[in-house]
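Down below is the structure, laid out as structure tokens.
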Amino acid sequence: MEQCCSTKPKETHNHSGHNGHDHGHDHDHDTAGKSTLQMFTPALISFAILLSGIVLDNFLQPQWFSGWVRLAWYLIAYIPVGFPVLKEAWQSISHGDVFSEFFLMGVATVGAFAIGEYPEGVAVMLFYSVGEVFQAMAVTRATTNIKSLLDQRPDEVAVIRDSRTQIVKAETVQVGEIIQLKSGEKLGLDGELLSEKASFNTSALTGESKPDTKTKGEAVLAGMINLNTVSQVKVTAAYQDSKLSKILELVQNATAQKAPTELFIRKFAKIYTPIVVFLAVAITFLPYFFVTEYIFRDWLYRALVFLVISCPCALVISIPLGYFGGIGAGSRNGILIKGSSFLDRLATIQDVVMDKTGTLTEGVFKVQSASFTEGADAAEIVKMVNILESKSTHPVATAIHQYAGETDHSIVPEEVEEIAGYGMKAKINGKDLLVGNFRLMDKFGIPYHIDGQNEAYTLIAVAYDHHFAGYFTIADTVKPDAKTAIDQLKALKIRPTMLSGDKSSVVRHVANELGITNAYGDLLPEDKVNKVKEIKSGNRSVAFVGDGVNDAPVVALSDVGIAMGGLGSDATIETADIVIQDDKPGKIPMAIAIGKQTKKIVWQNITLAFVVKAVVLILGAGGIANMWEAVFADVGVALLAIVNAIRIQRMNFKTS
């Protein structure tokens, strides 16, 4: 996760391409895999020893608790939380970053010990440590391993050698060999279909909502799922040269184009920390030239009070908690946000680019309507079509079957024939029944007056007794909240754009229904990448929402990658910065609203902390505020900031 008040980034996943010191990543690895109790253990140990020390100091007051015993007691309390910070400070210095917040924390707390204010030194470092733990809890490491994309291809395939089927490693299969693919199996290599026909689920690769029926000689790609019959495929590309491997390469290239970002506190600390240190030095020595009775110890005390006040306790705790609250608010609403930096980016999004299938539409076929010619017995036609389609496992047939309902078994089809690339034919009551595309009508010379070329839906034509009887309109349905989501994005002054691998007429229809002006169809994965690059070239902040493997490269390229987690591929979910777990488009504007509110609260806390600190710092430098008052004021600001930060967890972000 990004360290909200650190001078270096701490990204939790590889794809974002942010840079940081190696020792920062080492620190992340130190916390990776630890339980909550383990993460809190150093702070709990320090708190217990500190509390007992305060009780001994202020209530029991035994004679033995003084001098080196008292110092040792508080040193023991300091070490569990202080040593890691001092170590970070030293490592930062060794990397040329002297004025890190670790350095400031170290000087301030060691200074507190130097003037005998042991409890305050421990307390300040304890606050810092707890803040770090809260931040670590905000987001567990979301490691994105690009190699997980390879899981989309089976490791083993069935290859036909010497007239026998052998199970071998996919990478060992040579170009020209023949592999056998059973129904429901995923293709491991690119090839050419040798079987007469086969229907494939290609949505993960092409983004197309309609299952793709391939005929003999057509190309089929690794990652496609065979839906029906056992098929044979002649391999045309080596395992590492498949289309899916090219998508892998796109993901890796897009990942490298992620621009590194730094949160405000990281940038501010590089200015704030050296200024505070130099001011403390000035408070110690400059009065020598201006006051008549200069006492070094008094002015050193004021300088150390100044340093203690300047320790960013309120920021260290409240800012991570603010982001934690935003991440928690997202989680409660089914939105997984993988890091605090993505909340900031959400707040600045200007364009939301969305895939169509599975993002704005259901990704499931349904019959939209049924139209029949005059004189046709619609009810009887539907019954006959239903009994015929019940003989097929094609997704379109399933959609018609679901539309028509229970089959009428009193109707007995004869001479049932599936015509590859056309549809189905049978005899019912001695008359021909044809169900399929309009090419099937042409094949049997059935006249019709429908132009389906530019239709926004898939049309399934029906003919009975050599007469055109009508057609079914089949489509992927738009999600119920998609229109509301688009309207809400527009209300936020965010421009929606839709990209899809579907044919342009389908894309235009869905875009018109949703009110999206910018919509593009017939796109390959690399086309989507180029479209997003084109939008980003105008210095606009872009979020991309998708669910297929083909979306992974463009998700990685965008400023914020959002994956639909319910139906989305594992690869896209791993690559994405944000995952919408229930696939509802309405969660897109909700995520942006959470980002905006989180950023607002964080900036409220930053302003509160700095205004109060500025006042108390002046009082401390003037000798009006002592160490206890400084710590009390700092803790008070921290508590106010924390209360403000957790407000976000109670907010209602319902968008519809």
Please report the closest heavy-atom contact between F103 and V98, naming both atoms and the distance.
CB-O, 3.3 Å
Could you verify whether a donor N or O on one side chain and an acceptor N or O on the other, from E218 and T215, lie under 3.5 Å apart?
yes
Separation between CE of M224 and CG of L193, rounded to the nearest 0.5 Å:
10.5 Å
Is a salt bridge present between R540 and D351, judged by a nitrogen-to-oxygen distance below 4.0 Å?
yes
Distance, nearest 0.5 Å, that separates CD1 of I562 from CD1 of I349:
7.0 Å
Show the nearest heavy-atom pair for residues A519 and V507, with the distance to one decimal.
CB-CG1, 3.8 Å
Would V352 and M354 count as a side chain to side chain contact (heavy atoms under 4.5 Å, CB included) if you check the C-alpha gap in whole Å, the side-chain angles of each, and the deciding distance to 0.1 Å?
CA-CA 6 Å; V352 171; M354 293 162 282; 3.8 Å; yes
Pair I588-V545, side chain to side chain contact (heavy atoms under 4.5 Å, CB included): steps then yes or no:
CA-CA 8 Å; I588 301 169; V545 191; 3.8 Å; yes
To check you understand the geometry: which heavy-atom pair defines the closest contact between L346 and I592, and what is its length?
O-CG2, 3.7 Å
Hey, could you give me the CD/CD distance between E156 and E171, rounded to the nearest 0.5 Å?
9.0 Å
Look at K536 together with D559 and state whether they make a salt bridge at an N to O cut-off of under 4.0 Å.
yes
Within a 6.0 Å radius of atom NZ on K234, are there more than 12 heavy atoms belonging to other residues, nucleotides or ligands?
no
If we only count heavy atoms from C-beta on, is the S231 to E185 side-chain gap below 4.5 Å?
no
Given side chain to side chain contact (heavy atoms under 4.5 Å, CB included), test T497 with I516 step by step and report yes or no.
CA-CA 7 Å; T497 300; I516 299 175; 5.7 Å; no
Heavy-atom donor-acceptor pair, K490 side chain to G515 backbone, under 3.5 Å
yes
Whether K483 and D487 form a salt bridge (side-chain N of Lys/Arg under 4.0 Å from carboxylate O of Asp/Glu) is what I want to check.
yes
Approximate separation, where rounding is to 0.5 Å, of D527 CG and S500 OG
11.5 Å
Distance check, rounded to the nearest 0.5 Å: M564 atom CE versus K584 atom NZ?
11.5 Å
Does I594 reach the side chain of Q597, with side-chain heavy atoms less than 4.5 Å apart?
no
Write down the atom of T359, the atom of P585, and the distance for their closest heavy-atom approach.
O-CG, 3.2 Å
Test log, rule side chain to side chain contact (heavy atoms under 4.5 Å, CB included), inputs Q350 and I494
CA-CA 5 Å; Q350 298 169 289; I494 294 171; over 6 Å; no
T517 meets the side chain to side chain contact (heavy atoms under 4.5 Å, CB included) criterion, sequence neighbours left out, with none
What pairs with N226 under side-chain hydrogen bond (donor to acceptor under 3.5 Å, both in side chains), at least two apart in sequence or on another chain?
none
Using side-chain heavy atoms (C-beta onward) and a distance below 4.5 Å, is I225 in contact with F200?
no
Any donor-acceptor N/O pair, K479 side chain to L360 backbone, under 3.5 Å:
no
For the NZ atom of K531 and the OH atom of Y520, what is their distance to the nearest 0.5 Å?
4.5 Å
Donor-acceptor check, side chain of E177 to backbone of Q174, threshold 3.5 angstrom: yes or no?
yes
Between the main-chain N or O of R508 and the side-chain N or O of N512, is there a donor-acceptor pair closer than 3.5 Å?
yes
D355 versus F544: any side-chain heavy-atom pair under 4.5 Å?
yes
Between S199 (side chain only) and L227 (backbone N and O only), is there a donor and an acceptor less than 3.5 Å apart?
no
Can a donor-acceptor pair be found, under 3.5 Å and without considering hydrogens, that links the side chain of Q368 to the backbone of K366?
yes
Considering only heavy atoms from C-beta outward, does the side chain of V233 approach that of L187 to under 4.5 Å?
yes
For the residue pair V560 and D577, what are the closest heavy atoms and their distance?
CA-OD2, 3.5 Å
When every non-hydrogen atom of G217 is compared with those of E192, the smallest separation belongs to O-CG, 3.6 Å
If you define the side chain from C-beta out and look only at heavy atoms, does anything of V157 sit under 4.5 Å from V173?
yes
